[in-house]
Amino acid sequence: MKKKRNRNHQNRPGGKFWDLQVGFQTREVTCVHMNGTVEALSMCSQESLPMTFQACVITKDCEVNEWTEWSACSRECYNPNSAKGERTRTRKVSQFPIGGGKDCPELQEKELCSPQGEGIPPCAVYSWKTTEWTECRVDMLLSQQDRRRGNQTGLCGGGIQTREVYCVQTSSDTPPKSTSLRIKEVWQPVDSELCMGISPNTTQLCHISCPVECEVSSWSAWGPCTYENCEEQGAKKGFKLRKRKLINDPMGWTGNCPHLVEAIPCEDPSCYDWLVVKISDCVPDNENECGPGTQIPQVQCVNSNGEYVERQLCRDAILPMPFICEVPCPKDCALSPWSTWSFCSHTCSGKNTEGKQTRSRSILAYNAGEGGLLCPNISALQEVRSCNEHPCTVYHWQTGPWVQCMEDSSTLANNMSVGQMHGGNAACSVGMQTRKVICVRVNVGQVPPKKCPESLRPDTVRPCLLPCKRDCIVTPYSDWNSCPPTCQHGGNTKKKQYRNRIVIQLPANGGQDCPEVLMQERECDAPSICQRYRWKTHKWRRCMMVPLAVHQDGFGAQETCGPGLQVRAVSCRNQDGGQAEVESCLKFAGSMPPLTQPCQLPCQEDCQLSSWSKFSFCTSNCVGVRTRKRMLVGKSKKRDQCKNHQMYPLSETQYCPCNKYNAQPVGNWSDCILPEGARMEGQLGMKVQGDIRECGQGYRYQAMVCYDQDNRVVETSRCNSHGYIEEACIIPCPSDCKLSEWSNWSRCSKSCGSGVKVRSKWLREKPYNGGRPCPKLDHVNQVYEVVPCHSDCGQYIWVSEPWSVWKVSNVDLNDNCGEGVQTRKVRCMLNTIDGPSEQVEDYLCDPEEMPLGSRSSQLPCPEDCVLSGWGVWSPCALPCNGNNTRERGAYLLRQPGKQKECPPSKQIEPCTLNINCFHYSYNITDWSTCQLSDRAVCGNGIKTRMLDCVRSDGKSVDLKFCKQLGLERKWHMNSSCVVECPINCHLSDWSPWSECTHTCGLAGKLWRRRTLIQAPQGDGRPCPSQMDQWKPCLVKPCYSWRYSAWSECKSEGARCGEGLRFRNVSCFVSDGSGQQDSNLVDDDLCGDQEPSVDGDSHIVLKETCVVPCPGECYLTDWTMWSPCQLYCVSGNDLGFGSVQVRSRAVVAQDPENFLQCPEQELEARPCTEGQCFEYKWRTGPWRGSSRQVWCQRSDGLNVTGGCPETTKPLADRTCDPPCTKPRSLCTEVGVCGCEEGYTEVMTSDGLLDQCTLIPVLEIPTAGDNRADVKTIRAFNPTQPAASTPNRVGRTWFLQPFGADGKLKTWVYGVAAGVLVLLVFIISMTYLACKKPKKPQRRQMNNRLKPLTLAYDGDADM
């Protein structure tokens, strides 16, 4: 046992804040026998009697003063919704801990606070503000992209618009309005971190209304020649007009609608004319039954527009006269009525063109020979008249675009109320717009205005609303962002600070432009170097000993040599050397240096040495050595034992340090990073979050690590490296899906009625690298657009020429009558409003409606009754059934002669379904694709479908057939639809680079990230996959304090008992990877590190320990904790959790006392992330009759315990009887055998008798002086015998097999010799057995020892 007591010896004031009191310690010393019994002190050697007294510092705890008053609250305003302020109070140390006393408590205390008292102003309120939205941006659909539509201006439909969000300081009584922009509210931007809550959106979907273009009807027919103004008919010149009209209401259309009136100059105009409505039948004159007669026309007065007016208005017009006609008599020539006039051959007349109309009639019956009127010649059967005699000079008024609205001085007086009328936003005054109007001749150009009707001239001036001017509005500059702290460690590199302002309203309508500069920068003032503090240590005082009177229980002289204690004072200084508060050093300079240290006062016989000098200077790096010296002091120079330089060296030599550094790349390449500014921003500070492509050339980085000659990590600057390898890299640009241009529209799927027409695009290039995806394609990689179409059933018509003259087949030359044939040409013509215009292919016309090209009939003879051609069939009554009939008739043209009758003038036939009687029904087409306006790319559209009128036989016919029946139309022809807008992905800007993930080492990374602002829609550009990027940090060495191993426990001056053990703390460097051992470096390099080891700031460098005396036992130190392990059976967790264990063993000085020692100690503790291990027995090779057997864990670690003892393999094997013969061993089957190279010689009962070397035949070679002697020498075949020195030749061994694996020839000879030898032995045995002798029988009965693979004697082979 150790007893300790303290006695105050003397005071040593070390400073203001501590009171050092040096005292002494005592201990008890006993003499112990080797068996553990305590003996008298005289039994132990008196020369090495341990000291029982030593100097020490009396322990004192830390003492502090009272707390100061609380400081003022850091928040000087009141806001119950915001975070509170903070206030502090401090206290100072009045007594520092001495000699391991209790540490000081916290010297500073903080708490939350709110300002108290009256008149406290409210805190500033921060809220989000936004700029106005940018213009709506519309991206074209991929399926609509076309080179012919390269100009994307004027696109409409759905799009996206953006704005900028910033934080401002508002007064507490103003409610924040984050989304509205009021013109007069201009706020100064502040740091965005001051605004709480979610910031407003920076993007939103928008829609641009599509303009409705002008749609016009077809041209009407040319009207009659009329005066320009019927009220003023003084001019002789007039105009023929044709008109068309708007069929829709153009909304938002900024272009010019096409002209609606065209005019042709004409002569003899009139405003009113007679129109023949009907012509009566031919009435013979003088009430005769036949012969010449007249037809009376029925007329009506019409104006130039074809409208019926009062008859008196046509008083100046020429009234149509009655027409002369002929009613044929029985012997007269019978002619058909005149056909209707054909369409005019030309729409106008010119030098080379003249409009003509024709009509014709045919001979139905020839005249009789006597008294009848003759038939006219062929030329008289056709009449021609001129038509459309006006010239082909068409004029119309053409208008230009309306110019910009200008101020009209005549209306300024009336403009005061406009702003109120339009809410003060739309317009500020009424202005005037003008446009240019010219007269244009079609296909020629501008002509004098008198060529066009002046009354139809469009307006050239109109009033307009002047929009208000909008000036650019910019926020004030924000405050300068903060510079670095007022002081900084190290250099004083100048930094920059910035301020910016934001455009919140763009100029419009001639308002003031925005300023060019929106951001300013300036250099910060050079910061001062931060005040540094350091501990200053003063000189050690003299070494103090325990007085002699202490251990002599009296007063006397002091001890003059031996161990003692030194003290010194410590003060705090600033960087200028001035005195500073001790608390400043405690806060900024680390832990306080030690105040005491042990010392040694040399005794008279001790050797005294001076301190070591500094090492000498090295002349160059890595070359030579450096030395340091010391010398003997005082009387030590004359003592012989002090001159032993091995025990007391006076000089030390070491190689000059070699500072060699090499740099190596470490880690992976970083992401490819584009240079700053690669993302362009829009002008005037309005950020454009549009179609931004982040691609092109960037750079990637790899960190460099610098090592010194001892493979220790050092600063990268030592290797003249900036810390990185930089390499150019390419981020591939996204390539969008590419489609071909639109094909031409297909022909309408139906030539009559409603159908569809289709156009398509096909895939030219697939998207890659995140390009815009393709629209939905079909199996042949095409995209279609389908629109409805309608083919007018009357678009193509059959036009027939007049019938030819009859060709009578059985000619009666006298009567010119009988059976005959007539022919005519029938052509398919394109029908227009002016009549058939051109001949087309016959398949375009309906074949069912094709007129007959020839007909055969009976040509009436003279005095026969002549009827007209058959009229049209009457309609069949619906529904069609066999009971209904239809009829047609003809009228009498020539009375029959005497005793002759007329044929029937009426035909009747039954109505048969799908032959001459049809039912009609509506048929609805499929919906078209969603149709947008011409410039729209997406958004709301219309899909349409059409009605067809279908006959009961399935043929599409004109809609008039269904309309005439009044069929119900219950379908909607139009329906709204939506084409999804292509919205590109929008991401935020990259965030600033983060702090390094590691403060030192090789694995540190810098990260930056971006977030999703707008997800892609439709076939917009998808988001890139990379949402974060990294690059390596600058490699810095990892310095840390580490303990050395504990020294052995030593009881000073004694062999056992209580003692001390020590350890040091040193600075180590590593690369932070954990895979490289740390290296010892100078302690100065850890100067910036907190004085802590493995996170524990309480550093212990000395502790008590026990050196066991004879007869005692003690426990070893605890082992390290084992790895975390689960309770498992066959790899399955039993659910008891994870555990790790450690132990400490028992060591006894005397084995006889082992039973009195405590048992081995075990400790267990729970842990996490344990593993399941499997345990298996492993065995080594047999070595004789034993082998190694151990238990191995599944991770490859050899362990004790874990494997079941029941399955442990044998480590020793035994044979019965035991194998005692030389070179014998017990085999695995439990039978004695021989070692390798030896063969077994067995007894007759199967037991091992002896182990014999395997014989090998040696054949001497030429030059051997013993070549005439054949010997057999046994040796270890695995180790061929070396040739005897100075012996020429080689040793040959019998090899029965050749290189090809076959037996050699000599083997067959040896086999033959052995066979002869066996025959000889058998013969001799037979002879010996034939005459047996008793002595020989006794000899034969003796136990023979069989020989395996050996024989006696020296027989020739």
Side-chain angles (χ1 to χ4, degrees), residues 489-491 493 658-679 694-733 769-770 987-1011 1023-1042 1067-1082 1085-1090 1092 1094-1095 1169 1195:
H489 300 284
T493 305
C658 190
N659 296 324
K660 291 183 178 179
Y661 306 102
N662 69 299
Q664 297 178 10
V666 63
N668 298 323
W669 285 102
S670 72
D671 295 324
C672 192
I673 299 170
L674 295 176
E676 296 296 331
R679 294 187 61 171
E694 289 191 344
C695 59
Q697 178 173 320
Y699 296 93
R700 61 177 187 168
Y701 304 90
Q702 189 177 25
M704 294 289 291
V705 59
C706 185
Y707 294 99
D708 64 4
Q709 69 278 359
D710 297 323
N711 203 32
R712 297 179 300 188
V713 182
V714 296
E715 299 291 338
T716 54
S717 58
R718 300 286 184 91
C719 293
N720 296 325
S721 169
H722 60 76
Y724 297 104
I725 302 176
E726 187 177 284
E727 181 179 81
C729 55
I730 298 295
I731 297 178
C733 292
N769 296 332
L987 302 177
S988 67
D989 293 332
W990 286 108
S991 66
W993 288 104
S994 67
E995 296 291 334
C996 189
T997 56
H998 296 73
T999 56
C1000 63
L1002 310 179
K1005 291 182 179 180
L1006 300 171
W1007 288 93
R1008 66 175 184 176
R1009 290 176 171 83
R1010 54 185 176 182
T1011 56
C1023 293
S1025 59
Q1026 189 180 49
M1027 299 297 288
D1028 47 34
Q1029 286 183 338
W1030 72 273
K1031 65 179 180 180
C1033 304
L1034 192 68
V1035 174
K1036 295 181 180 179
C1038 290
Y1039 297 109
S1040 60
W1041 295 105
R1042 293 196 180 181
C1067 183
F1068 284 80
V1069 67
S1070 70
D1071 60 8
S1073 63
Q1075 301 176 357
Q1076 184 188 45
D1077 293 335
S1078 300
N1079 296 306
L1080 181 66
V1081 293
D1082 290 338
L1085 296 176
C1086 286
D1088 294 334
Q1089 303 297 317
E1090 290 292 331
S1092 63
D1094 296 331
E1169 300 180 358
D1195 59 351

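When reading the values below, keep in mind they use all heavy atoms of this one structure, side chains included, and skip hydrogens, waters and symmetry mates. Residues take their numbers from the sequence shown, with the count starting at 1. Since this is a predicted model, take the numbers as computed values, not measurements.
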Which heavy-atom pair separates Q697 from L674 by the least distance, and what is that distance? O-CD2, 3.6 Å
If we only count heavy atoms from C-beta on, is the R1042 to S1078 side-chain gap below 4.5 Å? yes
Can you find a pair of side-chain heavy atoms, one from D1071 and one from V705, that are under 4.5 Å apart? no
Heavy-atom closest pair (V666 atom, V1035 atom, distance to 0.1 Å) is CG1-CG2, 4.2 Å
For T1011, which residues count as a side-chain hydrogen bond (donor to acceptor under 3.5 Å, both in side chains) partner, sequence neighbours excluded? S988
Which atoms form the tightest heavy-atom contact between P1037 and C1000, and what is the distance? O-CB, 3.5 Å
Can you tell me how far the CD atom of Q664 sits from the CG atom of N711, to the nearest 0.5 Å? 7.5 Å
What is the minimum heavy-atom distance between D708 and R712, and which atoms define it? OD1-N, 2.7 Å
Do side-chain atoms of R1010 reach the backbone of Q1026 as a donor and acceptor pair under 3.5 angstrom? yes
Interatomic spacing from OG in S1040 to CG in D1094 - rounded to 0.5 Å: 8.0 Å
What distance do D1082 atom CG and Y1039 atom OH have between them, rounded to the nearest 0.5 Å? 9.5 Å
If you measure from CZ on R1008 to CG on D989, what distance do you get to the nearest 0.5 Å? 10.0 Å
Close side-chain approach of Y699 and C672, heavy atoms under 4.5 Å: no
Take V713 and Y707, measure what side chain to side chain contact (heavy atoms under 4.5 Å, CB included) needs, and give me the verdict at the end. CA-CA 5 Å; V713 182; Y707 294 99; 3.7 Å; yes
Is any side-chain heavy atom of W669 closer than 4.5 Å to one of I725? yes
What's the spacing between W1030 CH2 and D671 CG if we round to 0.5 Å? 7.0 Å
Show the nearest heavy-atom pair for residues C1033 and A703, with the distance to one decimal. O-CB, 4.0 Å
Nearest non-hydrogen partners of C1023 and L987, listed with the distance: SG-CD2, 4.4 Å
Are the side chain of Q709 and the backbone N or O of K660 linked by a donor-acceptor pair below 3.5 Å? yes
Is it true that atom NZ of K1031 has more than 12 heavy atoms of other residues, nucleotides or ligands lying nearer than 6.0 Å? yes
Point-to-point distance, once rounded to the nearest 0.5 Å, from SG of C1086 to CH2 of W1041: 5.0 Å
Got a sec, which pairs hit side chain to side chain donor-acceptor pair (under 3.5 Å) with one end in residues 992-1003, sequence neighbours left out? none
Does P1032 offer a backbone N or O that forms a donor-acceptor pair with the side chain of S670 under 3.5 Å? no
